[in-house]
S.K.: 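Sharing a structure with you now.
Index from 1, following the sequence.
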Amino acid sequence: MSSSSPRKHLGLAALLAALSTLGPFSIDTFLPAMRAIGHSLAASPLEMQQALTVYLFCYALMMLWHGSISDAVGRRPVVLATSLLFGLASVGCALSESLGTLLLFRALQGLCGGAGLVVGRAIIRDKLDGAAAQRLMSQVTMLFSLSPAIAPVVGGWLFGAFGWHSIFVFMGLIGFALFALSWFWLEETHQAHARQPLKARYLLANYWQVGRKRDFQLLTAAVSFNFAGFFLYIPSAPVFLMQHLHLGPTQFLWLFGPAVFGIMFGAFLSGRMAGHFSQREIVSRGYWVMFVAAALNLGYNLAASQMALPWAVLPLALYTTGMSLAAPSITLNLMDQFPSLRGTVSSLQGFCQTMMSSLVAGVLAPLAWASPLRLASVMCVLLLLGFSCRMGYRLRQKGKA
């Protein structure tokens, strides 16, 4: 494990957080322009929704491979290749003249966009352990969480000033910049002697070894359902903000700003509590916060005759605080179950979580976004499912004691 200075760790956190932003930037930046892109490409709103669903599906599919490939060839080559390909795919999106072409390059974006998140978790665990690892994971979460707030604002500004093509040009510039930064500043943390063979049979055996473990299943489901309770509002944002709250395409910060503040504050609390409270205690406090937030959200929607700011979005800030407070501890617990397969564990967890997000974007959000009350109700159901999985894990631990 590395013993480098906290200042160096902060620099690493900034780079890993920036690499992780490729995923949310691909989701959030083009949301304000979705209607205009649909008009330009002669695509219906439902067809344009597939630009998000296709991206998420490919994002999840490739997550199964990012970590495993990095276990075999090292972390650095995976980061360099995917950031460069992401930049090229973004340019392809900008040049698209039909929905089919756009979906093709969105799929390529999805295949590359999750590498920074998956491999970044493995890099953290390669370098550090215990409370130090949790603090660095929290720093990455805090910096990474700025992306969902900045992305739709930047997207709305670019769309208003230069048109929707400029949004994808901007994504391409981010990809190329991260490739250059990683080339000069990202060191290899997974040395040759610790690498696993890159063979299909070996990889499948690793996935089976990880995926069949009940504790992994329960913890992964808990994180996925917790996140889905918030993610439900992301693909619903154009309807939620522009139809229910009567806001414009440059005002998406009203949703993403409070939510991202909650993510950052929860990550800050997680880092401060590391070493002072057990992981179980931190996760329990996170769930208490999420339940209070979900109850307030449901209560407001039941009582209010007309949605109004800021009350319609403040419960989301509280929910993401609890979500972000609990997530680092659960994630580290997951990876610690298989010390020699951290990349594989990170990949499989990311795959499951993103497949859940894809289901939310493609099925649950379109069914729920017609009514703010329906959105709040689905959030409560998803949180209850996440809590049930976490309690199942706790009961198993008590049974082993």
S.K.: Is it the case that the ring center of Tyr287 lies less than 6.0 angstrom away from the ring center of Phe387?
M.R.: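 So the answer is yes for these two rings.
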S.K.: With Met379 as reference, evaluate Leu316, Asn301, Leu298 under the side chain to side chain contact (heavy atoms under 4.5 Å, CB included) test and give the passing residue.
M.R.: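 Only one of Leu316, Asn301, Leu298 forms a side chain to side chain contact (heavy atoms under 4.5 Å, CB included) with Met379, namely Leu316.
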S.K.: Is there side-chain contact between Leu41 and Trp164, with at least one heavy-atom pair below 4.5 Å?
M.R.: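 Yes; the side chains approach each other to less than 4.5 Å.
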S.K.: Can you classify the ring geometry of Phe268 versus Phe265 as parallel (below 30°), tilted (30 to 60°) or perpendicular (above 60°)?
M.R.: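 Taking Phe265 first and then Phe268, their aromatic rings lie parallel (interplane angle under 30°).
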S.K.: Test Leu219 against every option in Asn333, Val283, Thr331 by the side chain to side chain contact (heavy atoms under 4.5 Å, CB included) rule and name the one that passes.
M.R.: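 Passing option: Asn333.
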S.K.: Can you tell me how far CG of Leu111 sits from CZ of Phe86, rounded to the nearest 0.5 angstrom?
M.R.: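 That separation rounds to 11.5 Å.
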S.K.: Just so I know, are the side chains of Val78 and Val118 near enough to count as touching, which here means a heavy-atom distance under 4.5 Å?
M.R.: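 Counting from C-beta outward, Val78 and Val118 never come under 4.5 Å.
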S.K.: Atom CZ of Phe291 and atom SG of Cys380: how far apart are they, to the nearest 0.5 Å?
M.R.: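 Reported to 0.5 Å precision, the distance equals 9.0 Å.
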S.K.: Under the salt bridge (charged side-chain N to carboxylate O under 4.0 Å, His left out) definition, can you give me all pairs with a residue in residues 279-291, not counting sequence neighbours?
M.R.: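 As it turns out, there is no salt bridge (charged side-chain N to carboxylate O under 4.0 Å, His left out) pair with a partner in residues 279-291 once direct neighbours are skipped.
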S.K.: Is Leu56 close to Phe231 at the side-chain level, that is, under 4.5 Å between some pair of heavy atoms?
M.R.: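 Answer yes - side chains close enough.
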S.K.: Is the shortest side-chain heavy-atom distance between Phe176 and Val91 below 4.5 Å?
M.R.: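 Contact flag for Phe176/Val91 side chains = yes.
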S.K.: When you compare the side chain of Met273 with that of Leu325, does any pair of heavy atoms fall below 4.5 Å?
M.R.: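 In contact.
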S.K.: Please confirm whether Phe162 and Trp157 have ring centers closer than 6.0 angstrom.
M.R.: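 Aromatic pair counts; centres sit under 6.0 Å.
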S.K.: Do the side-chain N and O atoms of Ser26 and Arg106 include a donor-acceptor pair separated by under 3.5 angstrom?
M.R.: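 Distance-only check fails for Ser26 and Arg106.
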S.K.: Could you tell me whether a side-chain N or O of Arg212 sits under 3.5 Å from a main-chain N or O of Gln217, the two making a donor and an acceptor?
M.R.: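 Not a single qualifying donor-acceptor pair exists.
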S.K.: Do the side chains of Cys112 and Met62 get nearer than 4.5 Å, heavy atoms only?
M.R.: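 Side chain of Met62 against side chain of Cys112, heavy atoms only: no contact under 4.5 Å found.
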S.K.: If we only count heavy atoms from C-beta on, is the Arg214 to Tyr393 side-chain gap below 4.5 Å?
M.R.: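 When only atoms from C-beta onward are counted, Tyr393 and Arg214 do not touch, as no gap falls below 4.5 Å.
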S.K.: Assess whether atom CZ of Phe57 is packed by more than 12 heavy atoms of other residues, nucleotides or ligands within 6.0 Å.
M.R.: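 12 or below, so no.
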S.K.: Short question: side chain of His165, backbone of Ser96 - any donor-acceptor pair under 3.5 Å?
M.R.: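 Flag not set: sc His165 to bb Ser96 has no pair under 3.5 Å.
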S.K.: For the residue pair Trp369 and His244, what are the closest heavy atoms and their distance?
M.R.: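 That would be O-NE2, 2.8 Å.
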S.K.: Starting at CG of Leu158, measure out to CZ of Phe168 and round the result to the nearest 0.5 Å.
M.R.: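 Interatomic distance, Leu158 CG to Phe168 CZ, rounded to 0.5 Å: 11.5 Å.
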S.K.: Can you establish whether the number of heavy atoms outside Arg35 located under 6.0 Å from its atom CZ is more than 12?
M.R.: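 Open.
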S.K.: So Met355 and Leu359, do their side chains get closer than 4.5 Å, heavy atoms only?
M.R.: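 No. Closest side-chain heavy atoms not under 4.5 Å.
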